[in-house]
Amino acid sequence: MIIVHHLENSRSQRILWMLEELGLPYEIKRYERNPQTMLAPPELKKVHPLGKSPVIEDTDVEGGQVIAETGAIVEYLVDKADGKLGAPANRADALRYRFWLHYAEGSMMPPLLLKLVLARIPIMGKVAVKKIQPMIDVHLDYVESELAQRPWFAGNEMTAADIMMSFPLEAARSRGGMNESRPATIAWLAKVHARPAYQAGLKKGGPYAYA
């Protein structure tokens, strides 16, 4: 059994969606953010020293296995499901799969997170945000150009790379300037949100600001 330590309005929503797509049994332990700081509660440090979400526990492994970091969790679950949602057989698609799997957190999320933090700083923060948006636009333009060529990030089939890309694009839609001027990306996001597995994960996970 997989136990998902799920923080509200966070990257861990992707893990619930993935588990629904894979059909793996799981339980949810839900955490709420501190309303003043919006940080994760200290209880998560009892699960993993970093005190962040997502974190999963696999009780099927002798002694239990705790795994943190979304990308590591996604790859672990692909292995657990015998490769389902993993890299396509086609070499070019497999390379795209690996690229987008790491691009989501390695390249796209940092400027989005920086914009969120700077927006909370009075006066000077608003000035800095104007300098961050062009960086985000570069990523949004790149994503749009790629999704205009194929239905999913790695090719013709949905993979774990799409699951990884869902959160940064939801964040971009919410606060990163993504709008109807990028129709391929908007259509991809609508397609993701319409999937039964996504809706099932959303229902089980509770309120989610980016859906």
Side-chain angles (χ1 to χ4, degrees), residues 1-34 37-88 94 97-110 112-113 152-154 157-171 192-193 195-211:
M1 175 69 74
I2 299 291
I3 300 172
V4 182
H5 294 271
H6 172 53
L7 178 66
E8 64 175 338
N9 297 327
S10 78
R11 293 163 166 83
S12 59
Q13 187 63 45
R14 286 182 290 194
I15 303 305
L16 304 185
W17 172 27
M18 184 167 188
L19 286 164
E20 290 290 336
E21 292 281 0
L22 295 175
L24 295 175
Y26 68 97
E27 296 178 357
I28 299 173
K29 185 170 182 182
R30 200 169 189 281
Y31 301 81
E32 294 185 358
R33 295 178 182 274
N34 181 300
T37 65
M38 297 306 294
L39 297 177
E43 288 81 3
L44 269 170
K45 287 189 176 181
K46 297 177 182 177
V47 184
H48 189 277
L50 293 178
K52 295 183 179 181
S53 177
V55 177
I56 66 168
E57 293 181 72
D58 188 350
T59 61
D60 294 334
V61 177
E62 185 176 356
Q65 178 70 59
V66 176
I67 304 163
E69 289 295 332
T70 312
I73 293 170
V74 163
E75 292 190 283
Y76 181 87
L77 293 178
V78 166
D79 288 343
K80 190 173 178 70
D82 298 322
K84 186 177 180 181
L85 296 182
Y97 168 85
R98 292 189 182 95
F99 171 79
W100 293 109
L101 199 71
H102 295 283
Y103 169 89
E105 291 293 334
S107 292
M108 191 163 192
M109 272 308 299
L112 287 165
L113 182 59
W152 300 99
F153 277 99
E157 303 293 333
M158 196 198 86
T159 67
D162 294 281
I163 290 174
M164 283 298 295
M165 284 298 297
S166 64
F167 186 76
L169 289 177
E170 286 172 334
V192 161
H193 289 169
R195 290 183 72 85
Y198 184 96
Q199 290 295 321
L202 199 63
K203 185 177 180 180
K204 292 179 181 179
Y208 181 56
Y210 304 114

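Note that this is a predicted model, so its numbers are computed, not measured.
The minimum heavy-atom distance linking A68 with A72 is given by the pair O-CB, 3.5 Å. Annotation for M18 and A160: closest pair CE-CB, 3.9 Å, computed over non-hydrogen atoms. Shortest non-hydrogen contact noted between L85 and E21 is CD1-CB, 3.8 Å. For L112 against P168, the heavy-atom pair with the smallest separation is CD1-O, 3.4 Å. Among all heavy-atom pairs drawn from G201 and L16, the shortest one is O-CD1, 3.7 Å. Between V78 and G86, the closest heavy-atom pair is CG1-CA, 3.7 Å.
Residues satisfying the ring-ring contact (aromatic ring centres under 6.0 Å, His included) criterion with Y97, sequence neighbours excluded, are absent altogether. Residues satisfying the salt bridge (charged side-chain N to carboxylate O under 4.0 Å, His left out) criterion with R98, sequence neighbours excluded, are absent altogether. With sequence neighbours excluded, the residues that form a ring-ring contact (aromatic ring centres under 6.0 Å, His included) with H193 are Y198.
Not a single donor-acceptor pair under 3.5 Å links the side chain of T159 to the backbone N or O of A87. For the pair H48 (side chain) and V66 (backbone), a donor-acceptor distance under 3.5 Å is absent. A distance-only check finds a donor-acceptor pair linking the side chain of D162 to the backbone of F153 [under 3.5 Å].
With rounding to the nearest 0.5 Å, the separation of CD1 in I28 from CD1 in I15 is 11.5 Å. Between the CZ atom in R33 and the OG atom in S53 there is a gap of 8.0 Å [rounded to 0.5 Å]. Considering NE2 of H6 and OH of Y31, their distance stands at 11.5 Å, rounded to 0.5 Å.
Judged as a side-chain hydrogen bond (donor to acceptor under 3.5 Å, both in side chains), the pairs with a partner in residues 54-63 (not counting sequence neighbours) are, in order, H5-E57, D58-Y76, D58-K80, D60-K80. A salt bridge (charged side-chain N to carboxylate O under 4.0 Å, His left out) check over residues 37-53, counting only residues at least two apart or in different chains, returns nothing. Pairs of residues two or more places apart, or lying in two chains, that qualify as salt bridge (charged side-chain N to carboxylate O under 4.0 Å, His left out) and include a residue from residues 4-20 are R11-E105, R14-E105, E20-K204.
Relative ring orientation between F167 and Y210 is described as perpendicular, the plane-to-plane angle rising above 60° on a 0-90° scale split at 30° and 60°.
In summary, of the residues considered (L7, V74, I73, I67), a side chain to side chain contact (heavy atoms under 4.5 Å, CB included) with P54 occurs for I73 alone.
Using a 4.5 Å cut-off on side-chain heavy atoms (C-beta onward), Y208 and N9 make contact. Side-chain contact between M165 and V192 is absent, with no heavy-atom pair separated by less than 4.5 Å. Side-chain contact between I56 and L77 is present, with at least one heavy-atom pair separated by less than 4.5 Å. Side-chain contact between R195 and M158 is present, with heavy atoms from C-beta onward closer than 4.5 Å.
Enclosure of atom CD in E157 is not indicated, since only 12 or fewer non-hydrogen atoms of other residues, nucleotides or ligands lie within 6.0 angstrom.
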